[in-house]
Novice: 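What follows is a single structure, and I will ask about it in a moment.
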Amino acid sequence: MAGSVFDIKSEFSKYGEYHANKVNIAIHMLFVPTILWCSTGLAAALTPQQLFTYPSVVDSALSKLPGPNPLPNFSAIYMLGCSLFYIALDQVAGLLVAPLLYAILVSSQEYALSSPEATKVLLGVFVVAWVAQFVGHGVFEKRAPALIDNLMQALVMAPFFVFLEVLFSCGYRPELHRQLRSEIGSRILAFRRSLKANKRS
């Protein structure tokens with residue numbers, strides 16, 4: 001079941017085995033983007049806003065896009081890294097999700113810096129969203145979140161998992177979707193067998 005870090009089947013199925021219950025998936029589809037939006041907003045409000053300077057070519061290109069330029073901070077680095085990783089996993093889906101990540105980044109930063117109550121609001125929504133995710137795992141999935149076993153993989157794959165679920169529901173790459181569901185099913189079966197084996201020992 002091992003695979004390259006740039007293998008979409010390996011990365012999606014590793015995250016997907018923790019998210020097989022439909023209710024839990026629905027909770028994640030709502031709250032993963034919420035957590036991402038709050039996180040980038042909080043980063044704008046609470047961390048250094050300028051860690052580096054955009055190259056002139058990049059700055060010129062960004063100025064042509066709607067809205068203010070994204071702050072050159074931790075969130076910009078994270079979003080750029082995620083975008084490149086997603087494109088490496090699946091070029092079409094990665095290119096489709098990149099503008100959405102950019103919109104989340106810019107809009108959350110704009111809100112964080114324009115409202116005096118933004119930090120409190122963002123933090124409150126952030127906490128509620130995380131509680132909802134843990135409820136989804138504890139009550140519906142009945143399995144600990146992926147971040148317990150692999151924090152980095154979970155934080156990076158969560159937004160792309162949600163976006164791909166939307167694409168798959170629209171008929172995107174049905175054969176890939178079938179293969180991923182099969183691999184996720186195999187992983188869940190192996191996990192349940194290991195639990196039974198541990199109980200016997």
Side-chain angles (χ1 to χ4, degrees), residues 11-12 14-52 62 65-86 89 93-94 96-167 169:
E11 292 302 303
F12 186 95
K14 278 192 292 186
Y15 187 81
E17 69 173 296
Y18 296 84
H19 307 86
N21 177 271
K22 291 184 178 179
V23 175
N24 191 36
I25 291 175
I27 290 172
H28 280 64
M29 291 179 75
L30 175 62
F31 288 109
V32 165
T34 302
I35 290 171
L36 185 59
W37 192 82
C38 290
S39 298
T40 53
L42 287 170
L46 302 176
T47 65
Q49 296 180 9
Q50 186 163 347
L51 295 176
F52 57 93
L62 290 174
L65 297 176
N69 287 2
L71 298 172
N73 62 2
F74 291 113
S75 296
I77 296 171
Y78 169 78
M79 289 297 209
L80 176 60
C82 284
S83 297
L84 294 175
F85 181 56
Y86 300 159
L89 289 175
L96 287 173
V97 76
L100 296 180
L101 295 180
Y102 183 84
I104 288 173
L105 177 63
V106 171
S107 63
S108 64
Q109 291 180 346
E110 181 74 359
Y111 172 70
L113 299 178
S114 63
S115 171
E117 299 296 318
T119 300
K120 292 180 181 179
V121 173
L122 288 167
L123 187 58
V125 176
F126 180 83
V127 171
V128 169
W130 270 112
V131 169
Q133 301 242 95
F134 278 101
V135 169
H137 280 279
V139 176
F140 299 102
E141 194 75 44
K142 301 188 185 304
R143 183 173 180 181
L147 61 85
I148 301 298
D149 293 332
N150 190 331
L151 176 62
M152 186 59 64
Q153 201 265 352
L155 293 179
V156 172
M157 273 303 297
F160 201 43
F161 175 86
V162 166
F163 184 70
L164 279 172
E165 284 291 340
V166 173
L167 286 184
S169 69

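No hydrogens, no waters, no symmetry mates; every other heavy atom, side chains included, goes into these values.
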Novice: Nearest 0.5 Å please: distance from the CG atom of Leu155 over to the OH atom of Tyr15.
Specialist: 8.5 Å
Novice: Report yes if some heavy atom in the side chain of Phe140 is under 4.5 Å from a heavy atom in the side chain of Ile27; otherwise report no.
Specialist: yes
Novice: Please collect all side chain to side chain donor-acceptor pair (under 3.5 Å) contacts where either partner lies in residues 111-129, sequence neighbours excluded, each pair once.
Specialist: none
Novice: State which residues pass ring pair (Phe, Tyr, Trp, His ring centres under 6.0 Å) with Phe12; sequence neighbours excluded, sorted by chain then number.
Specialist: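 If we apply the ring pair (Phe, Tyr, Trp, His ring centres under 6.0 Å) test to Phe12, skipping adjacent residues, the hits are Phe161, Phe168.
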Novice: Test Phe160 against Cys82 for side-chain contact (heavy atoms from CB on, under 4.5 Å), laying out the working first.
Specialist: CA-CA 9 Å; Phe160 201 43; Cys82 284; over 6 Å; no
Novice: Sequence neighbours excluded, which residues qualify as side chain to side chain contact (heavy atoms under 4.5 Å, CB included) partners of Pro68?
Specialist: Val106, Glu110
Novice: Give every residue pair that meets the ring-ring contact (aromatic ring centres under 6.0 Å, His included) criterion with at least one member in residues 66-85, sequence neighbours excluded.
Specialist: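 As it turns out, the ring-ring contact (aromatic ring centres under 6.0 Å, His included) pairs with a partner in residues 66-85, which skip direct neighbours, are Phe6-Phe85.
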Novice: To check you understand the geometry: which heavy-atom pair defines the closest contact between Thr34 and Ala129, and what is its length?
Specialist: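 Looking at all heavy atoms of both residues, the closest pair is CG2-CB, 4.2 Å.
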Novice: Do you know the tightest heavy-atom contact between Leu101 and Leu36?
Specialist: CD2-CD2, 3.8 Å
Novice: Could you tell me if the side chain of Tyr18 sits less than 4.5 Å from the side chain of Ile148, heavy atoms only?
Specialist: no
Novice: Could you report the tightest heavy-atom contact between Ile104 and Thr40, atom names first, then the distance?
Specialist: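 Distance-wise, the nearest heavy atoms are O-OG1, 3.9 Å.
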Novice: Restricting to non-hydrogen atoms, name the atom on Ser75 and the atom on Leu105 that form the minimum distance, rounded to 0.1 Å.
Specialist: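 Closest approach of Ser75 to Leu105: CB-CD1, 3.6 Å.
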Novice: Among pairs that include at least one residue of residues 129-148, which meet side chain to side chain donor-acceptor pair (under 3.5 Å), considering only residues two or more places apart or in two chains?
Specialist: Glu17-Arg143, His19-His137, Asn24-Glu141, His28-Gln133, His28-His137
Novice: Only pairs under 3.5 Å count here: list side-chain donor-acceptor contacts from residues 43-50, not counting sequence neighbours, and write none if there are none.
Specialist:
from, atom 1, to, atom 2, distance (Å)
Thr47, OG1, Ala43, O, 2.4
Gln49, NE2, Ala44, O, 3.4

Novice: Walk me through it: do Ile77 and Leu80 pass the test side-chain contact (heavy atoms from CB on, under 4.5 Å)?
Specialist: CA-CA 5 Å; Ile77 296 171; Leu80 176 60; 5.9 Å; no
Novice: Looking at side-chain heavy atoms only, is the closest gap between Pro145 and Phe134 below 4.5 Å?
Specialist: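 The answer is yes, as the side chains (C-beta and beyond) meet within the 4.5 Å cut-off.
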Novice: Which heavy atom in Ala112 sits nearest to a heavy atom in Leu122, and how many Å separate them?
Specialist: CB-CD1, 4.0 Å
Novice: Please determine whether side-chain contact (heavy atoms from CB on, under 4.5 Å) holds for the pair Leu62 and Tyr102, giving the CA-CA distance in whole Å, both sets of side-chain angles, and the decisive distance to 0.1 Å.
Specialist: CA-CA 10 Å; Leu62 290 174; Tyr102 183 84; 3.8 Å; yes
Novice: Taking all non-hydrogen atoms of both residues into account, name the closest pair between Phe126 and Ser39 and its distance.
Specialist: CE1-OG, 3.3 Å
Novice: Without swapping roles, check the side chain of Glu11 against the backbone of Leu89 for a donor-acceptor pair under 3.5 Å.
Specialist: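 No, Glu11 side chain to Leu89 backbone: no donor-acceptor pair under 3.5 Å.
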